Amino acid sequence: MEPSLHPARWWHPAERGKLLCTLCPRYCLIGEGQAGFCYIRQNHGGQLVSAGYGRSTGFAVDPIEKKPLNHFLPGARVLSFGTAGCNLGCKFCQNWDISKARIDQHVSEAAAPEEIVALALSTGCQGIAYTYNDPVIWAEFAIDIARAARAAGLANVFVTAGYVTPEARAEVFQYMDATNVDLKGFTEEFYHRVTFGHLEPVLDTLVWLRRETAVWTEITTLLIPGLNDGDEEIARECEWILEHLGPDVPLHFTAFHPDFKMTERPRTPAATLVRVRAIARARGLRYCYVGNVHDAEGQTTWCPACGEALVVRDWHAIRRYRLDGARCLGCGAEIPGRFHPGRHEGSERRTGGGRFGVSLV
Ligand code: SF4
């Protein structure tokens with residue numbers, strides 16, 4: 001299958017006929033006929049092209065809690081899709097069948113931006129999630145879809161490892177409303193050995209998102225037994241978040257399952273998630289969640305002022321909802337995030353609407 005080629009942004013000519021890609025901190029030097037680390041950005045005749053433009057490796061309608069986002073339109077449905085390739089090399093990748101595939105090696109379907117927006121609307125979604133493989137590497141495509149989605153009243157959700165350069169990030173995120181950034185560990189050694197990346201650029205992206213954009217940001221750390229789940233490392237991560245991003249950024253700890261090149265490690269025990277969540281809360285982070293397990297306590301949004309259970313979840317399902325817009329129905333405290341307007345109580349199901357216009361019935 002011949003993939004669609006699209007002119008790439010964020011590059012310039014370098015020495016000996018090579019092209020320097022400036023989209024992510026790898027800064028690949030790409031020779032004629034070659035591709036960068038992510039596979040999909042290629043040098044064709046001295047021009048950088050993106051081979052993933054206009055193709056999807058599959059669509060799904062997901063609850064937004066699956067991204068995971070717990071403080072952005074709870075219960076909303078989002079049309080999720082990705083392409084192929086990735087700019088990190090995580091040995092534990094849970095989507096390696098697409099992240100390690102070339103777009104021309106993977107079964108994919110043509111999907112123009114307007115068609116994707118129409119599909120989101122026709123399936124009752126309130127937003128589109130750019131996910132599965134890292135959308136940074138297909139940012140030209142994501143931007144074109146997100147622009148059309150915003151015009152149609154849909155929210156845009158960017159699920160990423162945050163491995164993007166200062167040169168590119170303002171354009172990459174310009175139409176995004178929310179993001180979940182994977183903070184894969186909190187040592188340079190882990191990033192270097194296990195992801196083939198570096199920690200510092202991810203921290204830089206998080207600070208920039210929080211301080212210089214209006215993009216609602218949550219963080220996820222996948223805990224791998226014995227590699228990134230030590231008390232000290234978790235405490236340092238939480239202290240860094242508290243100091244640089246503040247106490248209100250939701251932090252999700254999720255359970256690992258053996259996959260790709262990391263099949264010898266055991267699954268993350270539920271007790272580990274309980275332990276690290278307690279560390280995060282003790283350090284002062286107000287919204288700490290656990291994922292990929294059943295844990296009502298660790299999946300509920302609690303009011304930090306009065307202790308009311310505001311959004312009770314079981315895995316990705318909402319069981320109880322007690323917010324008036326962004327305010328606690330118990331004491332009126334304002335909860336950070338983007339919530340559905342109006343007063344809602346009890347156990348409710350969500351329906352579609354326009355831009356952020358999700359209604360509860
Ligand atoms: S986006 Fe791809 S080609 Fe560009 S620097 Fe990153 S890995 Fe290399």
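The model shown is predicted, which means the values in this text are computed figures rather than measured ones. Every number for a ligand or one of its atoms is a count from 1 in the order of the listing. Heads up: numbering here begins at 1 and tracks the sequence.
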Any luck finding a side-chain donor-acceptor pair between [X] and [Y] under 3.5 Å?
X      : Y      : value
Tyr289 : His71  : yes
Trp138 : Asn133 : yes
Trp10  : Glu171 : yes
Tyr163 : Asp134 : no

As an exercise, identify every atom of ligand 1 less than 4.0 angstrom from a heavy atom of [X].
X     : result
Arg26 : 5 (S), 7 (S)
Tyr27 : 5 (S)
Asn87 : 7 (S)

Review point. Is the gap between the ring centers of Tyr191 and His198 under 6.0 Å?
Key: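 No.
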Check your understanding: Is NZ or CZ of Arg26 both nearer than 6.0 Å to the six-membered ring centre of Phe37 and within 45° of the ring axis?
Key ->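 Verdict for Phe37: a cation-pi partner in Arg26.
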Closest protein heavy atom (residue, atom, distance) for [atom]:
atom                    : answer
atom 8 (Fe) of ligand 1 : Cys28 SG, 2.2 Å
atom 6 (Fe) of ligand 1 : Cys24 SG, 2.3 Å
atom 1 (S) of ligand 1  : Arg41 CD, 3.5 Å

Exercise for review: Compare Gly36, Ala139, Gly197 and give the one whose heavy atom is closest to atom 3 (S) of ligand 1.
Suggested key: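 Among Gly36, Ala139, Gly197, the closest heavy atom to atom 3 (S) of ligand 1 comes from Gly36.
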Exercise for review: Look at Cys38 and state whether any of its N, O or S atoms is less than 2.8 Å from atom 8 (Fe) of ligand 1.
Suggested key: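 No, since none of the N, O or S atoms of Cys38 sits under 2.8 Å from atom 8 (Fe) of ligand 1.
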Review point. Which of parallel (below 30°), tilted (30 to 60°) and perpendicular (above 60°) describes Phe158 and Phe173?
Key: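 If you compare the ring of Phe158 with that of Phe173, the planes turn out perpendicular.
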Review point. With a 4.0 Å heavy-atom cut-off (strictly under), which part of Trp10 contacts ligand 1: side chain, backbone, both or neither?
Key: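 Within the 4.0 Å criterion, Trp10 makes no contact with ligand 1.
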Check your understanding: So, Cys21 and atom 4 (Fe) of ligand 1: N/O/S under 2.8 Å, yes or no?
Key ->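 Yes - counting backbone and side chain alike, Cys21 has an N, O or S atom under 2.8 Å.
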